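Heavy-atom basis, side chains included; hydrogens, waters and symmetry copies ignored. All of these numbers come straight from a predicted model, not from anything done at the bench.
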Amino acid sequence: MHATTKLMLIRHGETDDNRAQVFQGQAGSCLNERGRAQAARLAERLVGARIRPAAVYCSDLERARETADILGAALGLAPALDAGLREVHLGAWQGLSRADVQARFPEEWAAWRSGVDVRRGGGETYAELGDRMTRALERVAERHAGEAVALVSHGAAIKTLVGRVLHMGASGLKALKVPANTGVCLIERDESGGYHLVVWNDASHLGDALAGALSAPPA
């Protein structure tokens, strides 16, 4: 059997839609200046890491591709596109602000906020997203057994996949905040094929996460 496989799940850098709290789903904008700087800081960190990725995979959505290109350029790796790593499809919610969604889809909004796995805007459920992300993870893990790999994806997609590893249902996902832009989650696949969460939302390349959380205004 192969040694442990290390799978680094990385959320893309910041976009203007992130800053405006617009639901992007499988639409959305490219990285903004801050997002590109975040990706550059993560790239610098990965170059100097004890265990460097042997490959970079990414969602084919623009914000993930751009993040992966910055990482790949620093690591000397050409990112491979995998549509399975896309963000959840949000149907008619895509491109809308939180206030717009609450006004136009009040029942869906209320159900989602209560933890129901609703098909938001006619898009995907978390269950469907989890199945898709799990298949993508398996593909990469099988292809790179015993290696370290970076996978650039999206906030809800990563959170849902981690939820699968932790055997959490859709309602349990409410306990996890969306990872920070360019935050890293590390999952290890052991020799028997089991998955283990090792690191959750490490964004130390952006500063002191605890200090930032303590000084942030209440949501």
R63 with E14: basic N within carboxylate O range, under 4.0 Å: no
With no hydrogens and no angle check, do the side chains of R41 and H205 hold a donor and an acceptor under 3.5 Å apart? no
From the list L151, V56, L71, side chain to side chain contact (heavy atoms under 4.5 Å, CB included) with I10 holds only for L71
Just checking R104: does its CZ atom have more than 12 heavy atoms from other residues, nucleotides or ligands closer to it than 6.0 angstrom? no
State yes or no: do L9 and V178 share one hydrophobic cluster built from I, L, V, M, F, W and Y residues joined by side-chain heavy-atom distances below 4.5 Å, directly or via other members? no
Applying side chain to side chain contact (heavy atoms under 4.5 Å, CB included) to C58 and L81, what does each step give before you reach the verdict? CA-CA 5 Å; C58 67; L81 301 182; 3.4 Å; yes
Working note: D100 + S97, criterion side chain to side chain donor-acceptor pair (under 3.5 Å); need CA distance, chi angles, decisive distance, verdict. CA-CA 5 Å; D100 288 338; S97 68; 3.2 Å; yes
Ionic contact status for R120 with E108, cut-off 4.0 Å: no
CD of Q102: more than 12 outside heavy atoms within 6.0 angstrom? yes
Lys/Arg-Asp/Glu bridge criterion (N-O < 4.0 Å) met for E124, R119: no
Is the shortest distance from a Lys or Arg side-chain nitrogen in R86 or D60 to a carboxylate oxygen in the other one below 4.0 Å? yes
With a 4.0 Å cut-off, would you call R45 and D202 a salt bridge? yes
